[in-house]
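Quick caveat, the model's predicted, so the values are computed rather than measured. Only heavy atoms go into these numbers, but all of them, side chains included; no hydrogens, no water, no symmetry mates.
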Amino acid sequence: MISMSPVRPGAGVRYLFRGVMVGDGHRAAGTPLRAAQDEAGVPPGVWKGRGLAALGLAAGDVVTERQAELLLGEGRHPDADRIERELLAQGKSREQARRTTVLGRPIEHNRSPKTGKAKERTPWLAFDLVFRPPPTAHIAWALMDDEHRRVLELCDDVARDKTLAWLEESVAEIRWKAGGKQRARVKDGLVVAVFRHYESRATESRPLFHAHAVVSIRARRPHDGKWGNLSADSLMTHIVAADTLYTLYFMEEVSARLGWAWEPREVTPGRRPVMDIAGIDRRLIGWQSTRRQQIEDALPVLTARYEEKQGHAPGERASYALACQAADQTRAPKRTELLSLSELRTRWRASAIRAFGACTVYRLAERARAAAAAVWARVRPVVDIALAAVDVVAVVYVMRGAFARHHLLAEARRHLSYVLRGRRHEPGLDERIVRAVVDDHTRPVGRGRRMTADLRALYPRDTEDQAVLRPLTRSRAAAPYERARLAAGALAARVRAARRAERLGSRPRPYAVAVPAASRSQPRPFRDGRKDDHLPEPETGIDTVEQTGQTLEAAAAQMAATLQASRRAREAAHGPRPQPTPATPPQPHTQHTPGRTTGGVT
């Protein structure tokens with residue numbers, strides 16, 4: 001997952017230099033940065049991002065303390081000392097030389113020269129994005145051998161770099177003029193300093209493999225190349241979409257390099273599941289997540305206070321806010337004992353062996369490979385664009401009512417993570433799912449860019465059933481995500497029923513469908529062999545009753561009898577009414593036909 005917090009002058013900068021840059025340890029005053037990092041057992045930070053070229057830096061260069069002070073602490077050029085010396089030698093004044101090294105507006109513009117008070121809110125200097133892999137990845141990274149550890153670190157690097165590249169290309173905006181009225185894509189890209197950490201803040205040290213990506217707020221405008229500030233709300237708006245993209249990339253890298261598969265795990269009943277490495281002992285999750293247990297112990301008290309004050313149970317947003325409050329209350333102080341990574345891994349392995357035995361620890365990789373084979377045997381990695389679009393719109397509609405495009409994008413990536421279980425997806429597949437949702441299943445609402453589900457599009461010929469989703473959005477009897485899954489299942493059943501009716505009505509007699517066995521290397525989507533101008537959609541989830549012609553004939557007869565009985569009951573209650581001419585269910589637009597993909601659905 002990805003969390004985001006601002007870096008502001010004063011306390012924010014001090015925390016960055018004394019905590020984040022030295023592995024959340026304790027950096028004594030006067031200790032050089034590199035010495036403090038060596039003492040804490042963490043590697044030095046490195047620069048990332050396409051915006052480095054404009055500053056004379058390169059990706060992979062080590063972040064020095066002076067560079068970080070200038071760029072991340074003062075908003076100045078990381079090589080400002082050399083630039084100032086050259087300008088002073090040319091006869092420039094000290095103030096002119098300093099102003100030349102400032103990227104954009106200086107921090108001092110917030111202070112009134114007469115009173116010294118701030119004229120506007122405290123500016124941001126950077127964004128601290130924390131990248132954390134799924135929980136079972138921490139366990140495998142901490143308890144397996146060094147080869148698996150290095151591979152998992154590489155997977156994290158690749159997934160993080162791809163996510164940052166998406167933020168650069170599709171999200172990051174620079175603003176200028178009063179109130180940031182003018183906005184555009186950045187000219188070069190982002191400037192990011194990445195610091196890797198190894199453990200959590202729990203009282204008893206536990207593995208928490210994560211990285212802080214500190215994004216400088218300074219960027220260049222596309223039209224004149226001048227420096228300005230990034231739009232904070234653009235990044236905050238898309239942080240969940242970036243979170244789901246990072247998880248999707250990390251899962252794919254792990255499956256491609258180690259051959260492991262992923263399974264959903266329900267952490268809280270009625271809430272979204274998390275994806276875990278298949279075969280990792282669930283007991284180790286509780287051993288690793290001691291920090292989570294501390295939060296869960298404090299959460300019931302805060303929830304009871306909320307219910308007493310508000311008169312109802314907290315919703316999704318209120319629950320998240322309460323969880324953040326519980327995390328702040330149970331936040332442990334920074335540890336003073338400094339250990340290297342090898343010493344930490346030795347301690348973690350010994351602790352896990354004492355708790356669950358040596359067999360559980362030393363057979364982690366073997367059990368993960370065996371579990372992956374079982375997952376690939378029962379899961380067909382084939383993505384169905386139509387079913388994916390229906391699933392996404394149902395979940396987002398029930399969870400939010402009105403939503404924006406980035407909500408659909410985040411849910412489409414969650415859908416791919418669940419469906420693919422680590423198999424690689426075709427580039428742009430998440431965008432195609434969102435485009436199918438927007439084009440076929442939504443309508444605009446309000447004056448902004450918000451939209452909502454178009455129930456008439458979801459039920460084109462059955463107006464009596466258009467309200468099937470509305471009770472799910474109002475009921476508080478079940479958790480929102482539980483109601484969303486029920487709605488998605490109902491809509492998916494309607495799509496499958498329409499497909500069956502179309503296949504039965506398009507041929508003089510039923511035909512048998514043989515579903516091929518899932519292949520571990522090159523899975524193929526189902527095709528019925530029709531020869532038309534466009535390829536049919538890949539089918540998924542075909543019921544076993546369609547595998548023989550006799551069963552299909554019985555199903556068709558039962559369907560016809562059910563429809564006739566329903567029509568007689570309606571006529572008896574409301575009188576006969578004219579029946580419209582039967583129409584073939586509308587086919588998806590050609591741009592939504594997925595063809596062959598490398599992704600999948602169960």
Side-chain angles (χ1 to χ4, degrees), residues 1 22-26 37-43 130-157 159 195-212 250-251 253-255 257-263 265 267 274-296 332-373 422:
M1 62 173 294
V22 292
D24 282 337
H26 177 73
Q37 290 171 339
D38 290 339
E39 185 179 2
V42 295
V130 183
F131 290 77
R132 287 189 292 270
T136 46
H138 308 310
I139 298 172
W141 170 83
L143 301 182
M144 291 186 184
D145 55 30
D146 285 334
E147 181 180 356
H148 286 88
R149 175 185 63 82
R150 288 191 292 268
V151 172
L152 289 171
E153 291 177 359
L154 177 61
C155 294
D156 175 71
D157 289 339
F195 303 93
R196 176 169 287 171
H197 293 182
Y198 294 140
E199 54 184 324
S200 68
R201 275 180 168 267
T203 305
E204 184 181 357
S205 175
R206 284 291 182 264
L208 184 62
F209 172 52
H210 63 288
H212 290 255
F250 183 80
M251 292 170 54
E253 292 296 326
V254 170
S255 296
R257 299 176 187 274
L258 295 175
W260 297 345
W262 297 77
E263 287 184 328
R265 174 175 62 91
V267 179
V274 298
M275 300 303 295
D276 284 336
I277 300 173
I280 299 295
D281 197 320
R282 297 291 177 88
R283 297 175 300 171
L284 291 172
I285 299 176
W287 166 82
Q288 183 265 342
S289 302
T290 56
R291 182 82 179 93
R292 177 180 178 82
Q293 187 60 45
Q294 296 172 358
I295 297 174
E296 290 181 349
K334 297 178 181 178
R335 64 180 179 85
T336 57
E337 183 184 13
L338 301 177
L339 299 174
S340 65
L341 177 58
S342 59
E343 293 172 332
L344 287 173
R345 283 167 50 83
T346 302
R347 175 179 293 188
W348 292 332
R349 191 177 291 111
S351 174
I353 290 175
R354 287 195 304 269
F356 308 108
C359 182
T360 301
V361 174
Y362 290 112
R363 296 186 62 188
L364 280 175
E366 178 184 349
R367 290 175 175 173
R369 288 191 295 268

Problem - Donor-acceptor pair, side chain of Thr346 and main chain of Ser342, under 3.5 angstrom - result: yes
Fill in the blank from the handout: When every non-hydrogen atom of Ala261 is compared with those of Ser255, the smallest separation belongs to CA-OG, 4.4 Å
Fill in the blank from the handout: All heavy atoms of Leu364 vs all of Thr360, minimum pair found to be CG-O, 3.4 Å
Handout entry: Within-4.5 Å side-chain heavy-atom neighbours: Pro43 and Gln37
Key = no
Fill in the blank from the handout: CD1 of Ile280 to CE of Met144, rounded to nearest 0.5 Å, is 4.5 Å
Practice task
Answer yes or no: is there a side-chain heavy-atom contact under 4.5 Å between Asp146 and Arg345?
Solution key: yes
Fill in the blank from the handout: Between Gly259 and Ala372, the two heavy atoms sitting closest are O-CB, 3.3 Å
Handout entry: salt_bridge(Arg149, Glu153) N-O dist < 4.0 Å
Key = yes
Practice task
Taking all heavy atoms of Val361 and all of Ala352, pick out the closest pair and write down the distance.
Solution key: CG2-CB, 3.7 Å
Problem - CZ-CZ distance between Arg363 and Arg369, expressed to the nearest 0.5 angstrom - result: 10.5 Å
Exercise for the section: Could you check if a side-chain atom of Leu284 sits within less than 4.5 angstrom of a side-chain atom of Phe356, using non-hydrogen atoms only? Expected result: yes
Handout entry: Which atom of Leu143 lies closest to which atom of Arg349, heavy atoms considered
Key = O-NE, 3.3 Å
Exercise for the section: Keeping the roles fixed (side chain from Arg196, backbone from Phe209), state whether a donor-acceptor pair exists under 3.5 Å. Expected result: no
Exercise for the section: For the residue pair Glu263 and Asp276, establish whether any side-chain heavy-atom pair is separated by less than 4.5 Å. Expected result: no
Problem - Value rounded to 0.5 Å, distance of CD1 in Ile285 from NE2 in His138 - result: 10.5 Å
Exercise for the section: Would you indicate whether the side-chain heavy atoms of Glu199 and Trp348 approach each other to under 4.5 Å? Expected result: yes
Completion exercise
To the nearest 0.5 Å, atom CZ of Phe131 lies from atom NE2 of His212 at 11.5 Å
Practice task
Describe, in one word, how the ring planes of Phe250 and Trp262 are oriented to each other, choosing from parallel (under 30°), tilted (30 to 60°) and perpendicular (over 60°).
Solution key: perpendicular
Practice task
Compare all side-chain heavy atoms of Trp141 with those of His148 and state whether any distance is below 4.5 angstrom.
Solution key: no
Practice task
For the residue pair Ile139 and Ile277, establish whether any side-chain heavy-atom pair is separated by less than 4.5 Å.
Solution key: no
Completion exercise
For Val267 and Val274, the nearest pair of non-hydrogen atoms, with its separation, is CG2-CG2, 3.6 Å
